[in-house]
Amino acid sequence: GAGVSQSPRYKVAKRGQDVALRCDPISGHVSLFWYQQALGQGPEFLTYFQNEAQLDKSGLPSDRFFAERPEGSVSTLKIQRTQQEDSAVYLCASSLKGLADITDTQYFGPGTRLTVL
Amino acid sequence: AQSVTQLDSQVPVFEEAPVELRCNYSSSVSVYLFWYVQYPNQGLQLLLKYLSGSTLVKGINGFEAEFNKSQTSFHLRKPSVHISDTAEYFCAVLRGAQKLVFGQGTRLTINP
């Protein structure tokens with residue numbers, strides 16, 4: 001079946017612009033995660049949802065970052081007034097069982113590479 | 001707090017040679033450990049995970065890892081690598097409800 005998809009795959013923004021990154025999880029998956037991967041680093045957790053509820057946003061680096069999942073499926077990560085340090089690959093992942101099984105496999109999308117000039 | 005250290009940023013090996021990618025974790029509570037692989041321009045794919053039970057975990061593509069509580073390690077091994085194994089490998093530990101904490105990654109390069 002279809003995996004996690006993300007769009008756009010590449011985004012170039014001028015400093016100060018707002019951007020919106022989309023994630024389509026695997027159909028029926030309860031949990032959805034956002035990670036940020038800087039160049040040469042491992043992914044770092046940003047936030048996660050169980051259905052439409054955002055249960056943890058402790059990794060969001062500033063109030064310029066905002067994520068939503070209004071209907072419990074597609075999610076959007078929005079970054080306002082982008083800065084150069086926001087340049088990274090933004091990865092989305094989903095898992096089937098959510099909190100019912102916290103060790104359930106997270107399936108990752110290909111990521112969106114954001115470059116802020 | 002749980003964290004993960006991958007001791008080698010790059011590991012070059014020859015094709016058909018064995019390889020070990022090292023991972024150490026720090027935790028004072030029960031741990032759930034994972035190895036993911038990232039091929040160029042792709043997302044992460046789960047290789048294997050340790051939750052409990054047998055300390056030797058077998059994964060996909062011929063990889064295995066051994067959980068060693070006394071040494072707080074979870075090293076990844078493959079007895080004979082192929083060119084197609086060239087990728088970035090990430091060790092991760094589960095923290096909190098569902099948050100994965102990743103190491104910095106090890107780039108495995110296979111030379112013919």
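Residue numbering restarts at 1 for every chain, and letters A, B, ... go by the order of the sequence lines. In this text, all values refer to a predicted model and were calculated from it rather than measured experimentally.
Looking only at distances, no side-chain donor or acceptor of A:W34 sits under 3.5 Å from a matching main-chain atom of A:L60. Formation of a donor-acceptor pair under 3.5 Å by the A:D56 side chain with backbone atoms of A:Y48 is not found in this model. Looking at A:Q54, its side chain never comes within 3.5 Å of a backbone N or O of A:T47 through a donor-acceptor pair.
Considering only heavy-atom pairs separated by less than 4.5 Å from chain A, the leading option among B:Q42, B:Q38, B:R107 is B:Q38. Counting heavy-atom pairs closer than 4.5 Å to chain A, the top-ranked of the candidates B:Q45, B:K49, B:Q98, B:E88 is B:Q98. Ranking A:G98, A:G40, A:S95, A:G111 against chain B, the residue ahead of the rest is A:G98, based on heavy-atom pairs under 4.5 Å.
At a threshold of 4.5 Å between non-hydrogen side-chain atoms, the residues B:V37 and B:L44 do not count as touching.
Below 30°, between 30° and 60°, or above 60°: for B:F63 and B:Y89 the angle between ring planes is between 30° and 60°, a tilted geometry.
Only the side chain of B:L46 comes within contact range of chain A, judged by heavy atoms closer than 4.5 Å. Looking at A:Y35, the atoms closer than 4.5 Å to chain B (heavy atoms on both sides) all sit in the side chain, from C-beta outward. For B:L51, the part lying under 4.5 angstrom from a heavy atom of chain A is the side chain only. Both the backbone and the side chain of A:Q106 come within contact range of chain B, with heavy atoms under 4.5 Å apart.
For B:N68 and B:S70, the side-chain atoms include at least one donor-acceptor pair closer than 3.5 Å.
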